[in-house]
Amino acid sequence: MRIEVKDLTHIYSEGMPFETVALQDVSFTVEPGTFVGLIGHTGSGKSTLIQHLNGLLKPMSGKVLADGVDVTEKSDISRSLRRKIGLVFQYPEYQLFEETVLKDVCFGPKNLGLSQEICEERAMHALRLVGLDAEDVRDRSPFGLSGGEKRRVAIAGVLAMDPEVLILDEPTAGLDPKGHNDILNMIQSIRQARDLTIILVSHNMDDVARLADRVLVMENGTLVMEGPPRSIFIREEQLRQLGLSLPSATVLMQLLAGKGYPVRTDVLTAAEAEEEIIRVFG
Amino acid sequence: MHRLDPRTKIMGTFVFLISLFLVNHFAGFGLAGLFLLGLILISGVPFRFLFRGLKPILFLIVFTMLINLFMTSGTPLMSLGPLSVTEEGLYRASFMALRLVLLIFGSSLLTLVTKPITLTDGMERLMSPFNRLGLPSHELAMMMTIALRFIPTLLDETDKIMKAQTARGADFESGNLFRRAKGLIPLLVPLFVSAFRIAADLAMAMEARCYRGGQGRTRMNGMAFGKNDVFAALILALYATGIYCLRIRLG
């Protein structure tokens, strides 16, 4: 699914003393199958933006088009399109409510009007996709699981709706390093298994550099940079001004270059850094 | 007015509310209305804030008016089938409506010119004489403070969960009453879980700062009556006397 955002503007509590412009004339396009990293410091409008993408918030002006159809319309077509755009909020484990994991994951597909069998089938499949032992976990209470497991169940709840676009708002917030890596690896494997378009909101530049095909940078409700990670992460000065940092591999290479070693500084990941270090020092 | 001692303001509001029930003639409402108008002008609170407080109970006011209008027996003015409007009914209806509106304005003015925390502090101090009778005034005030403090937090939480469930296809708006009630489960269960989590965190944080109830607790900002409070009390006494005189003269 191709998502086009055109001149999107959103203002919170318009006309009140607390009026804030959350988004101002934001425009971009997400081609089918791309992995987009959305970065920007806290309060830059990322969360507001992604809530527009599946029609949870209505824009003051501008449009969000999914395959050419306005997602904010009330028609059946746009409703079914909205359902193809799965949104996983921050700390999604706080939305779990059912008695068993299976029932909770079934909540989404059930709302799509599917039969019990298909719901369960999809739920089991989604649980396996997020890397849980589906048979073991299906009849347990979601409240008895560990934090990382709860989060996987919540993500499975969105995956079970069979989205074409998956939007994740800081899916690794508050997890330990292992949980963090597990979730990211999971996202990558889901993407390969389902051929999904993914939009990842993150504060971790290493993750964005490693995973994303395109990077969007937000600041004060506007889109200030857009492009492949390599073209974004060489603009160090500008990123620093926005309160953002560089991937640690890039920082390492810059330090080496600063000491006079002839290394490339447009390196993004640990693997690339390794290659480059071996090339120069090996 | 914003900086008066909360105790003065609470007692003042109390006196004003009681005075509204003592009034038995329109002239009394005239005095009360003028008094309140003066206070509002001094406080600088825009009128639209006060009218906003009126909105939720507008239904109650209209309902009371209608009941009084049609149900009071007396000299009929006009009649419509079995319903008839009487002179006494018209009088009672407008009387009641005026009283309710003034009640609401008076009490909203208190909350508009006082910070919630100061308000509960003031209540705590006013209730403290009853401690000997076993009334846990500090605990009551603390409970009120916490409840007020967490209203926005819980509203935020509700909004977040609602959005998350909507993203999973939940529908909170359509269907009959039963379906709607059932539709609230995905909202209420996580909300309760969150509320308990927040409460546990708060309890932990309070204990970590050695909170152990009101016994022997001192305050950072003590309360003291000032010149302005004496002045306010004098005006209040004058007003109360005025209302009382009107009641006796006209009643």
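Just the heavy atoms: all of them, side chains too, but no hydrogens, waters or symmetry mates, feed the values below. First the proteins, then the strands, lettered A, B, ... as listed; each starts at 1.
- Scanning for salt bridge (charged side-chain N to carboxylate O under 4.0 Å, His left out) contacts around R7(B) gives D5(B), with sequence neighbours left out.
- Heavy-atom pairs under 4.5 Å with chain A were tallied for P186(B), A170(B), G169(B); the largest tally goes to P186(B).
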Below 3.5 Å only, please: all the donor-acceptor pairs between chain B and chain A, one per line.
| residue | atom | partner | partner atom | Å |
| --- | --- | --- | --- | --- |
| K163(B) | NZ | Q51(A) | OE1 | 2.7 |
| Q165(B) | NE2 | Q95(A) | O | 2.9 |
| R168(B) | O | N111(A) | ND2 | 3.2 |
| R168(B) | NH1 | D104(A) | OD1 | 3.4 |
| R168(B) | NH2 | D104(A) | O | 2.6 |
| R168(B) | NH2 | D104(A) | OD1 | 2.8 |
| G169(B) | O | N111(A) | ND2 | 3.4 |
| R197(B) | NH1 | Y94(A) | OH | 3.4 |

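- Enclosure of atom CZ in F143(A) by more than 12 non-hydrogen atoms of other residues, nucleotides or ligands within 6.0 angstrom is indicated.
- For L87(A), the parts lying under 4.5 angstrom from a heavy atom of chain B are both the backbone and the side chain.
- Listed options V88(A), L96(A), V158(A), I85(A) were ranked by heavy-atom pairs under 4.5 angstrom with chain B; first place goes to L96(A).
- The environment of F63(B) atom CZ is sparse: at most 12 non-hydrogen atoms of other residues, nucleotides or ligands sit within 6.0 angstrom.
- Atom CG of L187(B) sits about 10.0 Å away from atom CZ of F97(A), to the nearest 0.5 Å.
- No more than 12 heavy-atom neighbours from other residues, nucleotides or ligands sit within 6.0 angstrom of CZ on F231(B).
- When the shell of 6.0 Å around CG of L177(B) is examined, it contains 12 or fewer heavy atoms from other residues, nucleotides or ligands.
- Residues of residues 34-43 of chain B never come closer than 4.5 Å to chain A when only heavy atoms are counted.
- In this structure, chain B has a heavy atom under 4.5 Å from the side chain of L57(A), while its backbone stays farther away.
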In residues 11-20 of chain B, what donor-acceptor pairs under 3.5 Å come from side-chain atoms, sequence neighbours left out?
| residue | atom | partner | partner atom | Å |
| --- | --- | --- | --- | --- |
| T13(B) | OG1 | K9(B) | O | 2.7 |
| S19(B) | OG | F16(B) | O | 2.6 |
| S19(B) | OG | Y239(B) | OH | 2.8 |

